[in-house]
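Some notes on the structure that comes next.
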Amino acid sequence: MTARDGGPARRTSGDRVRPDPVEAAATTDRREQILQTAQKLFADKGFRGTSLDDVAKQLGFRQQAVYHYFRSKEEILYELIDRAGQAIATSAQLTMDTDMPPTDKLAEIVRNHVRQLLNNIDIFRIQFSELFKLHGDRADGLRRDMFDYVRDVADVIEAGQRAGAFVDVPPTTEALLILGMCNGTTDWYGSSQSNLNVEEIADYAARMALSGLIGGDRRDAKVVRQR
């Protein structure tokens with residue numbers, strides 16, 4: 001049936017209904033409100049002590065409104081962890097892609113890592129507490145992304161070893177040790193144990209990472225690398 005016959009006319013590509021930019025912006029804003037509110041509640045009450053109903057009440061929404069955007073609190077957690085992890089990886093990649101010496105490159109990667117952690121400390125505290133307790137494809141994917149980043153840091157360490165700048169230790173193990181040191185700052189930053197600011201902590205972490213790789217035992221015996 002055609003439009004002349006009184007029926008609906010067939011749409012052409014030029015007649016496609018375009019998304020309403022106002023509606024799209026409202027959806028983005030609502031999702032962001034939910035994510036930020038959930039992050040604060042996860043930090044204050046713990047992930048396992050928070051429900052989607054808590055998030056809805058905090059925002060003054062009906063619970064169904066939250067379910068419209070996220071099917072579960074795990075889905076919210078996955079998105080928060082993925083966003084934070086991508087921020088670290090993307091910002092670090094800018095340094096990894098440069099041709100600066102491995103010592104300078106590793107120092108800046110460590111500084112960046114600490115900055116990212118401490119400037120968004122709530123979600124990283126939640127991630128370190130919960131990620132390895134979660135199951136399923138999406139949790140597995142987030143863990144793979146994390147280990148990809150560890151391997152990238154290990155590659156920088158290995159390049160420093162080839163250049164003779166770093167001691168010969170297993171690169172992946174060393175990357176895990178350095179990143180573990182950095183991640184540990186989330187346990188005490190902001191407490192009475194230290195009054196250092198983020199930049200000072202980031203710089204000290206970089207200096208400690210380099211001192212462990214540049215100094216130490218340079219015996220001729222080679223350590224078997226665990227890649």
Should Leu52 and Ile76 be marked as a side-chain contact (heavy atoms from CB on, under 4.5 Å) after you check the CA-CA gap, both sets of side-chain angles, and the distance that decides it? CA-CA 10 Å; Leu52 286 185; Ile76 295 175; 3.6 Å; yes
Which atom of Ala56 lies closest to which atom of Gln63, heavy atoms considered: CB-CA, 3.8 Å
Are there more than 12 heavy atoms of other residues, nucleotides or ligands under 6.0 Å from atom CZ of Phe128? yes
Is a side-chain donor or acceptor of Lys105 paired with a backbone partner of Met96 at a separation under 3.5 angstrom? yes
Is there side-chain contact between Met100 and Thr95, with heavy atoms separated by less than 4.5 Å? yes
Using the rule that two of Ile, Leu, Val, Met, Phe, Trp, Tyr join whenever any of their side-chain heavy atoms come within less than 4.5 Å, decide whether Val153 and Leu94 are in one cluster. no
Apply side-chain contact (heavy atoms from CB on, under 4.5 Å) to the pair Asp187 and Arg125, showing each step before the final yes or no. CA-CA 8 Å; Asp187 291 336; Arg125 283 174 171 163; 5.9 Å; no
Looking only at heavy atoms, the pair that brings Asn120 and Gln39 closest together is OD1-NE2, 3.2 Å
Minimum side-chain heavy-atom gap Phe42-Ile123 below 4.5 Å: no
List the atom of Ile126, the atom of Ala43, and the distance in Å for their closest heavy-atom pair. CD1-N, 3.8 Å
To the nearest 0.5 Å, atom CD1 of Ile34 lies from atom NE2 of His68 at 9.0 Å
In terms of hydrophobic clustering (I, L, V, M, F, W, Y; side-chain heavy atoms under 4.5 Å; direct or indirect links), are Tyr67 and Tyr78 co-clustered? yes
For Leu80 against Leu35, the heavy-atom pair lying closest together: CD2-O, 3.9 Å
Using a 4.5 Å cut-off on heavy atoms from C-beta on, say whether the side chain of Glu158 contacts that of Phe166. no
For the student: nearest non-hydrogen atoms of Asp44 and Lys40, plus distance: OD2-NZ, 2.5 Å
State plainly whether one hydrophobic cluster holds both Val110 and Phe147, where clusters connect Ile, Leu, Val, Met, Phe, Trp and Tyr through side-chain heavy atoms under 4.5 angstrom apart. yes
Heavy atoms of other groups near Arg48 CZ, more than 12 under 6.0 Å: yes
Is it true that the NZ or CZ of Arg30 lies under 6.0 Å from the centre of Phe61's six-membered ring and within 45 degrees of the ring axis? yes
Rounded to the nearest 0.5 Å, what separates atom CD in Gln58 from atom CG in Asp53? 11.5 Å
Is Val156 reachable from Leu177 through a run of I, L, V, M, F, W or Y residues, each pair having side-chain heavy atoms under 4.5 Å apart? no
How far apart are the closest heavy atoms of Leu213 and Val169, and which atoms are they? CD2-CG2, 4.0 Å
Got Tyr149 and Ile109 here, is their nearest side-chain heavy-atom distance under 4.5 Å? yes
Euclidean distance, Arg115 CZ relative to Asp203 CG, rounded to 0.5 Å: 9.0 Å
Find out whether Ser51 and Lys73 are in side-chain contact, i.e. whether some heavy atom of one side chain is under 4.5 Å from a heavy atom of the other. no
Nearest 0.5 Å, what's the CE-CG distance between Met146 and Leu131? 6.0 Å
How about Asn119: does its CG atom have over 12 heavy atoms from other parts shown lying under 6.0 Å from it? yes
Min side-chain heavy-atom separation Leu77-Gln127 under 4.5 Å: no
To the nearest 0.5 Å, what is the distance between CD1 on Ile157 and CZ on Arg151? 14.0 Å
Quick check for you: to the nearest 0.5 Å, what is the distance between Gln116 atom CD and Ile121 atom CD1? 13.0 Å
Below 4.5 Å, heavy atoms only, C-beta onward: do Arg138 and Glu74 meet side chain to side chain? no
Closer than 3.5 angstrom, by distance alone: can the side chain of Ser91 be matched with the main-chain N or O of Ile88 as a donor-acceptor pair? yes
Start with the C-alpha gap between Tyr204 and Val114, add the side-chain angles, then the distance that decides, and say whether side-chain contact (heavy atoms from CB on, under 4.5 Å) holds. CA-CA 10 Å; Tyr204 281 133; Val114 173; over 6 Å; no
4.5 Å side-chain heavy-atom contact, Gln86 and Asp145: yes
Chi angles and distances behind the side-chain contact (heavy atoms from CB on, under 4.5 Å) call for Glu75, Tyr69: CA-CA 10 Å; Glu75 189 173 319; Tyr69 296 97; over 6 Å; no
Taking atom types as modelled, is there a side-chain donor on Asn183 or His113 under 3.5 Å from an acceptor on the other? yes
Considering only NZ, NE, NH1 and NH2 on the basic side and carboxylate oxygens on the acidic side, decide whether Asp140 and Arg143 come within less than 4.0 Å. yes
